[in-house]
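Notes follow once the structure below has been shown.
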Amino acid sequence: MTQTSIVTRFAPSPTGHLHIGNVRTALHNWLWARKHGGRFLLRIDDTDLERSREDYVDGIRADLDWLGLSWDAEARQSQRFDLYEKQFEALKAAGRVYACYETPEELDLRRKVLLGRGLPPVYERKDPDAPIPEGRVPHWRFKLDHDTPIEWVDLIRGPQHFDPKLLSDPVIRRADGSWLYMLPSAIDDIDMGVTHVVRGEDHVTNTATQIQMFAALGAPVPHFAHEALLTGSEGKLSKRLGSLGMADFRDRGIEPMAILSLLARLGTSQPIEPVTDVAPLVASIDFGHFGRAPARFDEEELAQLNAKILHQTEFAAVASRLPEGVDDAAWQAIRPNIATLADVGDWWAVVTGTIAAQIAAEDKAYLIDAATVAETLDWAGDPWPQLTEALKEKTGRKGKPLFLPLRQALTGQDHGPDMKALLPLIGKERAIARLRAAAG
Ligand code: GLU
């Protein structure tokens with residue numbers, strides 16, 4: 001282990017299914033930890049007890065499992081309120097947290113007035129000695145240090161600079177005592193020793209204020225990498241794409257490795273390649289390769305990657321998911337022709353089931369010849385070249401007129417797997433019966 005072992009975390013709020021954007025963030029955190037022999041944590045950000053749901057927590061775990069993104073430890077923010085309370089009190093005592101009494105309507109009006117004057121809508125602190133409006137329960141803000149510029153070198157975006165005077169003191173706790181995301185996240189990142197925070201660039205401003213929270217809590221600031229967001233084909237991550245969960249992709253026959261292959265490199269300068277194992281993705285993750293422009297997620301690209309990955313997948317990796325009877329040879333014969341694993345069933349039915357062949361009248365006699373020749377072949381050898389060589393000699397046919405009627409008679413299709421690989425699977429008896437049936 002290196003001296004400061006790397007710790008990353010994926011921190012979803014269980015208020016919905018993981019979509020492709022969340023999974024991308026999870027993957028990059030996971031890859032980074034794995035590359036450096038570090039730890040990858042799953043932190044369930046369930047401070048919002050109203051909107052968090054247990055079935056979503058289960059769904060998040062199931063999706064990460066399906067994708068193979070194993071986590072080294074899990075924590076739930078809802079079980080950590082004591083720690084937040086303690087740190088909140090410490091920050092209050094240090095003058096870094098203060099009570100506010102404005103209503104949402106008052107804040108909104110003030111924002112509009114500032115915007116109307118062409119001014120940034122930054123929250124204006126009140127005189128701490130001002131009288132407390134009667135009957136109001138406070139909510140709480142973190143007091144930014146206006147004298148310390150906020151700076152960090154983002155692993156993706158490069159040097160970042162914020163003037164704290166241009167930022168609103170963030171609300172960290174509601175009047176009912178519930179927590180907003182900002183402070184618990186910083187407290188947890190400190191407590192869990194998170195060294196790298198990798199998340200979407202919609203969090204950049206949050207990071208600016210959280211950097212001051214780290215300092216106020218006396219902790220070193222972790223590294224940050226803010227990724228450009230994903231867009232759908234038609235612009236921003238569309239509602240449809242945002243609502244598609246991993247179950248939808250799985251039901252459509254998309255393999256986990258297709259999702260990982262695409263998301264690992266999408267928006268980076270590295271080529272997107274179909275890989276059947278995560279090792280090359282782990283080895284190549286480097287935030288220096290990530291672009292600043294939004295990356296376009298294309299479902300068609302995913303489907304193509306999926307097919308290419310299946311074409312390279314070894315039998316052992318899919319054996320348990322294949323139809324009964326499909327062995328290594330059958331898999332090798334069929335896999336170049338599939339887009340999803342479900343397609344194997346269709347081709348296996350072509351091998352073993354009943355087929356209906358459409359045969360042109362002028363080919364019928366030829367197929368009778370074929371059936372006769374088929375009787376004489378060495379079926380334990382390589383029957384297809386024997387069959388076609390013999391027929392070539394016997395009939396003088398070549399090219400398409402030689403091959404196509406055979407394919408049609410033997411499979412009921414004009415296209416499909418290599419006949420050399422397919423014919424031994426169809427086998428002698430079935431093949432002869434099909435040739436005879438087609439000859440009618
Ligand atoms: N729960 C936050 C979110 O889902 C976590 C953000 C973070 O990674 O800090 O946006």
Side-chain angles (χ1 to χ4, degrees), residues 6-33 38-54 56-57 59-61 63-64 69 71-81 83-84 87 142 150 152 154-157 160 170-174 178-214 217 219-230 236-237 241-243 245-246 263 287 290:
I6 278 174
V7 181
T8 64
R9 87 300 194 273
F10 174 50
S13 305
T15 54
H17 298 293
L18 295 185
H19 58 63
I20 210 78
N22 308 131
V23 166
R24 176 168 171 254
T25 306
L27 172 62
H28 293 156
N29 278 287
W30 184 87
L31 289 171
W32 191 249
R39 284 159 49 81
F40 169 69
L41 313 178
L42 172 61
R43 189 183 81 203
I44 303 292
D45 280 6
D46 56 353
T47 55
D48 187 339
L49 299 174
E50 296 266 297
R51 291 176 59 229
S52 297
R53 275 175 32 188
E54 213 46 42
Y56 288 136
V57 177
I60 289 166
R61 292 197 197 106
D63 288 344
L64 294 178
L69 303 182
W71 55 102
D72 299 300
E74 180 181 325
R76 295 187 65 145
Q77 290 198 318
S78 59
Q79 292 166 1
R80 299 170 58 81
F81 289 151
L83 177 64
Y84 308 151
Q87 298 295 48
F142 176 77
I150 301 169
W152 78 95
D154 196 278
L155 297 177
I156 295 172
R157 297 165 62 86
Q160 303 291 299
V171 177
I172 52 168
R173 199 170 188 183
R174 299 185 190 89
S178 63
W179 299 100
L180 280 100
Y181 147 79
M182 213 79 79
L183 182 63
S185 181
I187 292 172
D188 283 342
D189 286 338
I190 296 169
D191 190 55
M192 296 168 189
V194 170
T195 59
H196 290 74
V197 174
V198 181
R199 57 189 178 189
E201 67 179 13
D202 49 334
H203 281 289
V204 167
T205 312
N206 291 342
T207 296
T209 60
Q210 283 177 324
I211 280 179
Q212 287 214 347
M213 294 178 189
F214 283 100
L217 292 162
V221 176
H223 297 283
F224 288 95
H226 290 93
E227 339 192 278
L229 300 181
L230 285 186
K236 63 186 169 51
L237 193 60
L241 213 50
S243 68
M246 292 309 107
L263 294 182
F287 294 114
F290 281 58

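FYI, the numbering just counts along the sequence from 1. In what follows, every heavy atom counts, from backbone to side chain, and hydrogens, waters and symmetry copies are set aside. Ligands are counted one by one from 1 in listed order, and the atoms in each one are counted from 1 as well.
- Atom OG1 of T47 is separated from atom CG of L49 by 7.5 Å, given to the nearest 0.5 angstrom.
- In this view, L180 and V171, R174 satisfy the side-chain contact (heavy atoms from CB on, under 4.5 Å) rule, not counting sequence neighbours.
- For ligand 1, the 4.0 Å heavy-atom shell contains residues R9, A11, S13, D45, Y181, S185, R199, H203.
- Other residues, nucleotides and ligands contribute over 12 non-hydrogen atoms within 6.0 Å of the NE2 atom of H203.
- Considering R61, E74, Q79, Q77 in turn, E74 is the only one that fulfils the side-chain contact (heavy atoms from CB on, under 4.5 Å) rule with I44.
- In terms of the side-chain contact (heavy atoms from CB on, under 4.5 Å) criterion, residue partners of R53 (sequence neighbours excluded) are, by chain and number, D55, Y56.
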Please set out all donor-acceptor pairs under 3.5 angstrom arising from side-chain atoms of residues 6-15, sequence neighbours excluded.
residue: T8; atom: OG1; partner: N29; partner atom: O; Å: 2.9
residue: R9; atom: NE; partner: D189; partner atom: OD1; Å: 2.8
residue: R9; atom: NH2; partner: D189; partner atom: OD2; Å: 3.1

